[in-house]
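These notes are about the structure you will find just below.
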Amino acid sequence: MNLKFFVTFFTVFSMAVFAQKPEKITFKDTPNYYYKIIPEGKPAGMIMILPGGGETPERVMNQIYLDELAAEKNLIVVFPGFEDGDFKMDIERKFLDRIAKDIVEKHKIPKDKIAIGGLSYGGMLAVKYAEIAVRDKNTYFTPNSIFALDPPLDYEKMYYQLNRDIERNYSEPAVNEAKYFSKEMVEAIGYPDKNRDNYIKESMFLYTEKDGGNAKYLMNIPILMYTEPGIMWQMNNRGRDLYDTNCISITAMMNLLN
């Protein structure tokens with residue numbers, strides 16, 4: 001299979017109009033939940049749309065119209081909601097397994113007809129799920145395609161970026177966010193110079209690894225990526241430059257895979 005990559009500047013927000021009313025599915029043993037939209041015709045597959053950090057499925061459903069395009073192809077659309085999770089995304093990945101199993105068993109769709117993608121953090125989770133599906137072969141399904149909107153991918157790069165935000169002390173929101181995520185990262189996987197193996201195992205992509213780290217497991221899965229660095233906003237509001245944006249890692253990973 002030829003791997004196709006796309007990088008583009010995106011504007012995808014619009015009000016969604018659903019062919020079918022979204023159904024909310026909840027569970028007694030977890031605060032996580034999901035919405036599903038069933039097409040009018042016989043379901044041919046499924047697409048999972050994962051929210052960014054701090055986002056809700058309800059908000060995402062009002063930002064995009066991908067669900068309308070999916071309905072035209074008779075795809076079931078799923079919007080997961082994560083109230084519980086962890087830095088390594090183990091909780092989130094297991095919940096995606098649970099959702100997929102529910103949908104496959106109830107609606108009789110093939111497991112090889114499931115696409116997955118998301119916004120920012122959701123894009124990270126989509127990429128990581130696919131990599132682990134190929135690497136460890138212990139997920140419920142292997143995505144047949146992936147899409148992501150401006151996801152962070154390289155934890156090593158992210159660690160040093162967060163520390164630059166703290167050292168610059170240019171923007172209070174940036175500093176507060178950097179302190180929070182830097183602490184969470186170190187507690188989960190340590191420091192990149194002292195815990196190299198953890199960064200290789202957990203990062204979606206590592207620029208400093210010749211094979212890209214876990215990125216090599218994406219060779220046979222089609223990927224669609226969108227990135228918008230918004231560099232003037234970053235410079236004026238956060239004191240950041242291009243080295244601090246996600247587009248650096250995104251283009252590096254896709255270039256390596258190509």
Side-chain angles (χ1 to χ4, degrees), residues 1-17 37 45-73 75 77-80 82 89 92 96 114-131 143-155 157-158 161 177 203-207 212-215 217-235 237-238 240-258:
M1 181 185 297
N2 292 325
L3 187 60
K4 298 181 179 179
F5 295 105
F6 303 87
V7 179
T8 184
F9 297 99
F10 72 90
T11 303
V12 297
F13 302 113
S14 70
M15 293 300 292
V17 179
I37 304 171
M46 174 171 62
I47 182 169
M48 290 184 168
I49 304 175
L50 314 180
E55 291 277 8
T56 64
E58 295 84 356
R59 182 173 172 80
V60 174
M61 282 188 281
N62 286 328
Q63 290 178 330
I64 67 174
Y65 57 88
L66 182 57
D67 54 284
E68 297 177 46
L69 303 178
E72 294 175 4
K73 302 295 183 180
L75 297 177
V77 183
V78 169
F79 292 91
F82 299 107
M89 305 182 190
E92 292 92 331
L96 294 182
I114 303 176
I116 187 171
L119 294 72
S120 188
Y121 176 82
M124 293 172 65
L125 176 56
V127 172
K128 187 159 193 175
Y129 186 97
E131 291 173 342
N144 69 354
S145 56
I146 310 165
F147 67 93
L149 280 67
D150 204 44
L153 297 171
D154 188 329
Y155 281 155
K157 172 189 174 295
M158 186 188 302
Q161 172 198 325
E177 182 181 73
S203 187
M204 285 63 65
F205 166 72
L206 274 182
Y207 183 77
N214 287 318
Y217 298 111
L218 302 174
M219 285 299 296
N220 294 313
I221 302 179
I223 303 175
L224 174 63
M225 289 247 187
Y226 295 86
T227 183
E228 169 54 85
I231 190 59
M232 294 307 298
W233 187 92
Q234 294 285 356
M235 292 173 66
N237 293 276
R238 295 293 185 265
R240 295 171 179 159
D241 53 51
L242 278 174
Y243 287 98
D244 303 308
T245 62
N246 298 328
C247 67
I248 299 296
S249 298
I250 291 171
T251 53
M253 184 185 80
M254 293 192 295
N255 187 54
L256 177 64
L257 290 173
N258 270 327

Revision key, fill the gap. Distance col, row Asp154:CG vs Ile248:CD1, nearest 0.5 angstrom, shows 11.0 Å
Review point. Listed by chain and number, what are the ring pair (Phe, Tyr, Trp, His ring centres under 6.0 Å) partners of Phe147, not counting sequence neighbours?
Key: none
Review point. Between Asp150 and Ser120, does a side-chain hydrogen bond (donor to acceptor under 3.5 Å, both in side chains) hold up when you go through it step by step?
Key: CA-CA 5 Å; Asp150 204 44; Ser120 188; over 6 Å; no
Check your understanding: Can you tell me how far the OG1 atom of Thr245 sits from the CD atom of Gln161, to the nearest 0.5 Å?
Key -> 8.0 Å
Review point. Any side-chain heavy atom of Arg59 sitting closer than 4.5 Å to one from Leu119?
Key: no
Exercise for review: Measure the spacing between CD1 of Ile223 and OG of Ser145 and express it to the nearest 0.5 Å.
Suggested key: 10.0 Å
Exercise for review: Give the minimum heavy-atom separation between Glu92 and Met89, together with the two atoms involved.
Suggested key: OE1-CA, 3.1 Å
Review point. Taking all non-hydrogen atoms of both residues, which atom of Ala130 and which atom of Leu218 are closest, and how far apart?
Key: CB-CD2, 4.0 Å
**Study point:** Distance in Å, Ser203 OG paired with Met124 CE, rounded so as to fall on 0.5 Å steps
**Key:** 8.0 Å
Review point. Would you say Asp244's side chain and Asp241's backbone share a donor-acceptor pair under 3.5 angstrom?
Key: yes
Point to revise | Closest contact, heavy atoms only, Pro229 versus Leu242 | key: CB-CD2, 4.2 Å
Revision key, fill the gap. Those residues at least two apart in sequence (or on a different chain) that pass ring pair (Phe, Tyr, Trp, His ring centres under 6.0 Å) with Tyr129 are Phe141
